Amino acid sequence: MVFAYLSNGFVGALNSANGTVAGGVQAAMSFSVGQQVRVRVVARADNSGSVTAISPSGQESTVAVANIPLGTVWAAQRNAGTVEVERISAVPMAGSLAGLESKMASQDLTSNDWQTYRVLPDSTPGRAVPGFTGTGISSIPSGGFKGCFANGNDGRLREGDGSPNEGEILITDPQHSRILMKIPGGYTGASLQGVACDTLAASATVWAACSENGTIRNYAIYGTQAQQEVVSDRIVMADLGVSGFMPNALAFDASRGTGRGALWVGSNSGTTVHCIDADPAAATRILATITLANNPDHFQMIDGRLFYQYGANGVRANIRVYDLAANTEAAKWGPLNDALAPEGFYYDKTSRTLFLLNDGGFHDSVGNIKLNVVFQYKVSAP
C-alpha cells in the first residue's frame, strides 16, 4: 500500500497495481511541478490511520485508511517526474492518542532547522493527557544510564485544571521512547523545573530546581540512596540571603567551586543569575552573580559558556549564550519552529542535535502541536 498525494489532486492510498484503496481526486488539491506540498501519514497499532495532504496554499484534505498491512516499507515508484524530498520526519507516538488528527495541525516551515519530534512516553499508564509535563532535561554522564536523559516532570496534567504538582525526575532512554526510572521529588505544592546532572561525582546524581519552595535538591541515581534525595546537599535560597528567589533554570559547572562543582541558578521572573558552590561545607556559597538580557527558563553549560532558553508561551523559543569569561552575551539558536510551549533543552555536540522539551499538552491553548513532545533540531555548532 502506498499513501499518495498526486499532482492531479488525488489524496488517498494505492495498491501495488496503482489501484485506489482509499480516497480519490479532489480538483482543489491539484498542484504543479516545482511547487512544495506536504503529506502527513498516521498509522496506528490497530492497522487504521489516515493520510493528510497539504497543498501549496495550505489547504488540507484528510482521508481515513483502514487495514494497513504490516511489513517492509518500499521506495515509491517513479514515473515521469522526479520528486525532491525536502524533509522526512518519522514521529513514533507513545501513550493514548485518540483523536490525534484533532490535536495536530500543519507544522511550521518558516526555517530549515526543524528535524523531528517524539511524543513523550506516559508517566503513568492511561494518563489523561499523554506523555508528561516535561520541564528540565540533562544527559546522564556515567553509570548504567550513561547517555540516557534525566527529565523534569511538573506533574500537573493541564494548565488550570486543578491537578496537583507531583514533581519528579523521569529517566528515559536516549530516544525518549521509554521511562526507565522514576525519582519522586518528595514534596508537594511546587513545580520541579530545571535539572542538571553532576558530571564530577563518581556515582552520578541529578540536581533539580524546585521552584515555588525556593530550594535546589540533589537526587541519587545509583547506589543505596538511588531514587532518593541527598538531603544534606539541599540548597535553600533564603538561607543564602536570597529571599523570594524561585529557582527555575539550572546548570552544573564542574570548573567552579571547592571540589564538588557549582550550580548556575536562574529565575524566570528576573534576569539575575547566581553561581552557588555545590558543597554544603563551603565557606562561601555564592561564588558569582551575573545579569542576563532576558529572564531565563532553562540552562545548559557548553564548553564553559552558559546557554539559556527564554520566551513566553505562544512565542517561538530562542536560545542565547553568555560567555562567562568575557561577560558578553549573544543570540545563538532560534526562533525554533513549532516550539511555542518550550521548556528545557540539551545540545549534543557529537550529532549537532538540539533536544527541546515542549509541553503543548499542558499549555494546550498555544501552538499547533498540542501534545507533550521532545523536538529535535539540527543546528550550527556552538
Side-chain angles (χ1 to χ4, degrees), residues 133-138 152 154 156 159 165 167 185 187 189-196 207-218 234-253 256-257 261-278 284-302 305-336 339-346 356-359 362-363 366:
T133 303
T135 51
I137 179 174
S138 184
D154 172 273
R156 289 174 291 174
E159 191 170 23
N165 285 111
Y187 60 86
S191 179
L192 191 148
Q193 286 289 322
V195 297
W207 293 86
C210 308
S211 189
E212 287 85 352
N213 63 27
T215 65
I216 303 161
R217 305 182 186 213
N218 195 17
R234 186 183 302 176
I235 299 170
V236 180
M237 296 301 293
D239 292 348
L240 302 183
V242 189
S243 60
F245 189 95
M246 300 293 105
N248 202 91
L250 195 64
F252 185 82
D253 188 341
R256 298 175 187 254
L263 296 158
W264 289 96
V265 185
S267 169
N268 63 5
S269 60
T271 58
T272 299
V273 176
H274 300 288
C275 181
I276 302 172
D277 196 314
T284 302
R285 296 303 301 276
I286 298 181
L287 305 174
T289 299
I290 61 173
T291 302
L292 302 177
N294 302 273
N295 298 354
D297 288 327
H298 292 280
F299 288 152
Q300 183 186 351
M301 286 292 298
I302 306 175
R305 294 174 292 165
L306 187 65
F307 287 67
Y308 73 94
Q309 185 274 113
Y310 72 94
N313 288 312
V315 179
R316 289 193 296 156
N318 286 274
I319 294 175
R320 294 177 65 84
V321 55
Y322 189 97
D323 189 318
L324 294 165
N327 290 319
T328 58
E329 184 176 333
K332 188 58 189 176
W333 298 310
L336 297 171
L340 298 176
E343 289 289 339
F345 66 96
Y346 176 78
L356 178 75
L357 296 178
N358 190 85
D359 58 347
F362 178 70
H363 299 290
V366 300

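Just so it is clear, the model here is predicted, and its values are computed rather than measured. Basis for what follows: all heavy atoms, side chains included, without hydrogens, waters or symmetry-related copies.
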Ignoring hydrogens and geometry, is there a side-chain-to-backbone donor-acceptor pair from Ser267 to Ser269 under 3.5 Å? yes
In terms of heavy-atom contacts, Val366 and Ala341 come closest through CG2-CB, 4.1 Å
Yes or no on side-chain contact (heavy atoms from CB on, under 4.5 Å) for Ile216 and Leu250, after CA distance, side-chain angles and deciding distance? CA-CA 9 Å; Ile216 303 161; Leu250 195 64; 4.1 Å; yes
Test Trp333 against Phe307 for ring-ring contact (aromatic ring centres under 6.0 Å, His included), laying out the working first. CA-CA 10 Å; Trp333 298 310; Phe307 287 67; 5.4 Å; yes
Does the side chain of Tyr187 reach to within under 4.5 Å of the side chain of Asn213, using non-hydrogen atoms? yes
Rounded to the nearest 0.5 Å, what separation is found between the CZ atom of Arg285 and the SG atom of Cys275? 11.0 Å
What's the spacing between Asn318 CG and Asp297 CG if we round to 0.5 Å? 11.0 Å
With no hydrogens and no angle check, is any side-chain donor or acceptor of Glu212 less than 3.5 Å from a backbone partner on Ser191? yes
Please list, chain by chain and in numerical order, all residues satisfying side-chain hydrogen bond (donor to acceptor under 3.5 Å, both in side chains) with Gln300, sequence neighbours excluded. none
Which residues pass the salt bridge (Lys or Arg N to Asp or Glu O under 4.0 Å) test with Arg256, not counting sequence neighbours? Asp253
Looking at every heavy atom in both Gly266 and Val273, which two are closest together, and how far apart are they? CA-CG2, 4.3 Å
For Asp359, enumerate each residue passing the salt bridge (Lys or Arg N to Asp or Glu O under 4.0 Å) test, keeping only those at least two apart in sequence or located in another chain. none
Applying salt bridge (Lys or Arg N to Asp or Glu O under 4.0 Å), name anything that partners Glu329, two or more places apart in sequence or on another chain. Arg320
If every non-hydrogen atom of Trp207 is compared with every non-hydrogen atom of Ile235, which pair is closest and at what distance? CZ3-CD1, 4.0 Å
After noting the C-alpha distance and the side-chain angles of Leu263 and Phe252, does the key distance pass the side-chain contact (heavy atoms from CB on, under 4.5 Å) rule? CA-CA 5 Å; Leu263 296 158; Phe252 185 82; 3.9 Å; yes
Can you tell me how far NE2 of His298 sits from OG of Ser138, rounded to the nearest 0.5 angstrom? 12.0 Å
Whether Thr135 side chain and Leu192 backbone form a donor-acceptor pair below 3.5 Å: yes
How far does CG of Asp323 sit from CD1 of Ile290, to the nearest 0.5 angstrom? 10.5 Å
Can you sort out the partners of Asn294 under side-chain hydrogen bond (donor to acceptor under 3.5 Å, both in side chains), two or more places apart, ordered by chain and number? Tyr308
Between Arg305 (side chain only) and Tyr322 (backbone N and O only), is there a donor and an acceptor less than 3.5 Å apart? no
Ile319 side, atom CD1; Leu356 side, atom CG - distance, nearest 0.5 Å: 6.0 Å
Residue pair Val265 / Phe299: nearest heavy atoms and the distance that separates them: C-CE1, 3.9 Å
To the closest 0.5 Å, what do you measure between CG (Leu292) and OG1 (Thr271)? 6.5 Å
Would you indicate whether the side-chain heavy atoms of Gln309 and Leu336 approach each other to under 4.5 Å? no
Using side-chain contact (heavy atoms from CB on, under 4.5 Å), reason through Met246 and Met237 one step at a time and then give a plain yes or no. CA-CA 8 Å; Met246 300 293 105; Met237 296 301 293; over 6 Å; no
Close side-chain approach of Leu240 and Phe245, heavy atoms under 4.5 Å: no
Can you name the nearest heavy-atom pair linking Leu306 to Ala251, along with the distance? CD1-CB, 4.0 Å
With a 4.5 Å heavy-atom cut-off, do Leu340 and Arg316 have their side chains touching? yes
Can you name the side-chain hydrogen bond (donor to acceptor under 3.5 Å, both in side chains) partners of Arg156, sequence neighbours left out? Asp154
Shortest non-hydrogen contact from Gly214 toward Pro247: CA-CD, 3.7 Å
Does Val242 reach the side chain of His274, with side-chain heavy atoms less than 4.5 Å apart? yes
